[in-house]
Protein chains: 2
Amino acid sequence: MISSDLPFDLHALKVFLQVCEHTTMAGAARRLGITQSAISQVISDLEHRLGVVLFDRSMRPIGLTASGALLREHALILTTEARRASIRLQELQRGRPNLLRVGIIDSLSRALLPPLTRFLRERAERSVILSGPTESHYAALLGRQMDLIVGAGDLEDMNGLECWVLLEEPYVLLYPATKPYPDGPKALQEINQYMPFIRFSARSRIGQDIERYLRRLRLELRYSLEFDSPFGVTSACMDGGMAITTPLCMLECGEAVPHFRCMALPGPPARRQLTLIVRKGELGRLPFDLVQTLRQHLRDSVLQRLRHFCPDDAKFLKVPATRVPDHG
Amino acid sequence: MISSDLPFDLHALKVFLQVCEHTTMAGAARRLGITQSAISQVISDLEHRLGVVLFDRSMRPIGLTASGALLREHALILTTEARRASIRLQELQRGRPNLLRVGIIDSLSRALLPPLTRFLRERAERSVILSGPTESHYAALLGRQMDLIVGAGDLEDMNGLECWVLLEEPYVLLYPATKPYPDGPKALQEINQYMPFIRFSARSRIGQDIERYLRRLRLELRYSLEFDSPFGVTSACMDGGMAITTPLCMLECGEAVPHFRCMALPGPPARRQLTLIVRKGELGRLPFDLVQTLRQHLRDSVLQRLRHFCPDDAKFLKVPATRVPDHG
DNA sequence: ATAAAACAATAATAAATTCTTATACTGTAT
DNA sequence: ATACAGTATAAGAATTTATTATTGTTTTAT
């Protein structure tokens with residue numbers, strides 16, 4: 001055996017956990033189908049390596065020391081993580097994950113939930129699908145509480161992540177169809193004197209994007225209403241107001257907004273990307289297949305429906321062409 | 001060797017990672033000070049156990065397969081977690097953690113940050129101290145991103161946590177000193193007609209507590225302002241208003257509020273506990289020592305200062321007596 | 001109190017494993 | 001084609017891990 005900086009092996013931890021559970025070494029030995037002596041040696045070796053006393057032998061049944069309790073915590077984490085790793089490998093091998101935890105951004109959930117669900121039914125034993133803001137999903141993906149997310153954002157830091165663009169869409173101005181269209185950023189500010197601007201909360205990605213856009217144009221729009229959800233923004237506009245939103249956010253709200261139109265922004269154009277992100281290599285070709293499916297659905301179904309909402313801007317939506325994957 | 005459901009040992013993972021890093025088995029062998037043959041055997045054994053091909057040998061240098069990439073992710077997690085476990089045990093042994101990540105609830109941070117910092121300087125190599133809402137700290141503690149938190153709340157679910165009460169304080173009514181004191185819950189509702197009630201956001205624990213309290217009394221107070229922070233609530237009161245808060249929240253805001261008083265609630269009393277929570281067994285006697293220090297500081301310094309803010313209610317604050325610890 | 005029972009530690013030995021050496025094989029480059 | 005660096009495999013040596021047998025504890029029953 002080579003010298004190792006690793007202080008123990010999983011086998012030793014397994015034995016240790018079994019002793020913790022039975023509270024006796026003899027019991028653990030029976031359970032594991034080996035002799036009590038072997039257990040005793042493993043535990044004593046573990047104690048020597050770690051330089052720590054794990055059990056208090058001055059009583060029967062033997063008791064865990066504070067160090068033992070601490071090691072137990074870590075041992076549980078390590079062994080379950082090890083088993084999980086092996087399960088993941090089997091899943092990758094068979095191409096059919098046992099449990100797939102998916103996060104999808106609110107503003108795409110109506111548009112993509114049906115094809116996503118259909119796909120997952122085929123390709124995963126079980127699925128959990130959560131809607132919400134991309135920020136929290138992103139953290140969950142990194143923290144391994146999620147396996148795949150559909151969200152907004154350019155593919156900033158790519159630490160071990162794989163990222164596909166599903167669709168690129170413009171930000172648009174949602175504005176009463178009856179009123180004259182503001183012919184520039186300045187006009188927008190003037191109109192804002194009597195027509196309130198409805199904001200996306202800056203806690204959401206889309207809100208931050210819009211805020212940055214307005215700041216770049218040096219526009220200070222007054223507002224009193226602010227929403228987390230596309231639906232909130234749109235419905236507030238109907239009660240009198242205007243907003244910057246996107247075609248998909250409009251679709252998300254359901255029915256068309258009467259007497260309102262979506263139009264290109266009066267200033268320079270702004271766009272956002274909606275992407276599918278997974279941890280690299282963990283799901284084999286499943287992400288690629290899913291991207292293909294979702295893009296197809298976006299082209300076939302979503303773009304069609306969008307013509308009703310944003311006739312002018314549907315043509316600015318871009319769904320990337322699908323190429324063959326790198327890995328066979 | 002006993003038969004094991006664990007699919008590999010940490011030693012094998014270490015070898016595997018070394019091969020990943022060098023991209024050649026021979027290089028990994030040199031690095032590890034063993035022969036290339038041994039490496040080859042370990043890898044091949046690992047592949048057989050997992051039923052997976054980890055490297056693509058049809059090229060030089062050999063390449064990671066998708067399965068290999070996946071295993072690499074998990075292997076990194078496992079080996080770092082294993083090393084961390086050993087470090088934790090050493091820390092517990094020596095009683096001086098290398099890095100202690102502490103979360104403290106906003107409403108105690110002024111009161112306790114000084115003695116907390118002094119303590120940590122002595123008892124930890126490095127410390128990270130974050131202020132914020134207990135909810136997120138609690139999750140971080142469970143997720144092992146934090147090691148110790150000072151927060152609000154009774155010790156609900158005790159899954160592997162150790163919990164000490166630092167202090168118990170009453171909820172009080174912050175009310176103009178010049179006006180007649182409301183002599184019952186009903187009076188409060190009448191006064192609310194012309195004096196606004198300032199709310200703690202229901203996202204915070206304290207806000208939820210207050211909301212529950214009012215609901216129990218069937219009081220429907222009108223409000224238009226709502227804050228996350230004790231300071232926000234208090235300063236809003238100064239501009240005209242009343243609120244339910246706690247003595248420590250008042251202290252947190254700094255100076256005394258002129259022409260205002262803190263008084264017992266007109267209805268039945270309500271209290272909250274502020275507690276110190278750690279994962280059980282991981283920090284030895286450090287939490288106990290810290291509790292002792294903090295309680296002492298609360299008695300000696302904080303209760304004194306509170307008499308200026310809430311002369312009537314300081315006597316209702318309770319700092320539990322400190323007993324000897326269970327473990328030597 | 002004493003004996004019995006159940007458990008844990010240790011020494012010596014057997015079994016299994018993991019290394020090394022030696023050699024044959026494979027992919028890449030000159 | 002041949003050399004070269006790398007990889008796989010067989011066989012034996014070294015090391016590790018388990019077993020048996022025995023002794024020493026702690027608890028429980030008499």
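Since the structure is predicted, the reported quantities are computational estimates derived from the model, not experimental observations. Every chain is numbered from 1 and lettered A, B, ... according to where its sequence line falls, protein lines coming before strand lines.
Regarding B:Gln18, its CD atom lies at a distance of 14 Å from the P atom of D:dT7, rounded to whole Å. Rounded to whole Å, the distance from CE on A:Met59 to P on D:dT28 is 13 Å. Between the CG atom of B:Leu46 and the P atom of D:dA8 there is a distance of 13 Å, given to the nearest Å. Distance NE2 (A:His48) to C1' (D:dT16): 17 Å, rounded to an integer number of Å. Following rounding to the nearest Å, A:Met25 (CE) and C:dA8 (C1') show an atom-to-atom distance of 7 Å. One interatomic measurement links the two molecules: CZ of A:Arg30 to C1' of C:dC7, which rounds to 9 Å at whole-angstrom precision. Note: CG (A:Asp56) to P (C:dC7) measures 17 Å, nearest angstrom. Between B:Leu32 atom CG and C:dT20 atom P the separation is 10 Å, expressed in whole Å.
Side-chain proximity of B:Ile34 to C:dC19, D:dT20, C:dC7: nearest is C:dC19.
Screening B:Arg88, B:Arg144, B:Arg279, B:Lys280 for a side-chain hydrogen bond (donor to acceptor under 3.5 Å, both in side chains) with A:Glu73, the sole residue that qualifies is B:Arg144. Tested against A:Glu168 for a salt bridge (charged side-chain N to carboxylate O under 4.0 Å, His left out), the candidates A:Lys318, A:Arg295, A:Arg271, A:Arg272 yield a single pass: A:Arg271.
Between B:His22 and the phosphate of D:dA5, there is no side-chain N or O to OP1/OP2 separation shorter than 4.0 Å. Residue A:Arg57 has no polar side-chain atom (N or O) positioned under 4.0 Å from OP1 or OP2 of D:dT25.
Salt bridge B:Glu162/B:Arg285: absent, no basic N to carboxylate O contact under 4.0 Å. A salt bridge between B:Glu91 and B:Arg126 is absent, with no side-chain N of the basic residue lying under 4.0 Å from a carboxylate O of the acidic one.
Looking at heavy-atom distances under 4.0 Å, A:Ile39 makes no contact with the nucleic acid at all. Looking at heavy-atom distances under 4.0 Å, A:Ala38 makes contact with a base.
The OG atom of A:Ser127 sits 10.0 Å away from the CG atom of A:Leu148 when rounded to the nearest 0.5 Å.
Other residues, nucleotides and ligands contribute at most 12 non-hydrogen atoms within 6.0 Å of the CZ atom of B:Arg121.
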Base versus backbone protein contacts along nucleotides 9-14 of chain D [heavy-atom cut-off under 4.0 Å; B, S, -]: BB----
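Take the nearest nucleotide of DNA chain D for A:Pro61 and for A:Asp45: the residue whose nucleotide is more 5' is A:Asp45.
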side-chain contact (heavy atoms from CB on, under 4.5 Å) evaluation trace for B:Leu6 with A:His11: CA-CA 8 Å; B:Leu6 292 171; A:His11 171 62; 6.0 Å; no
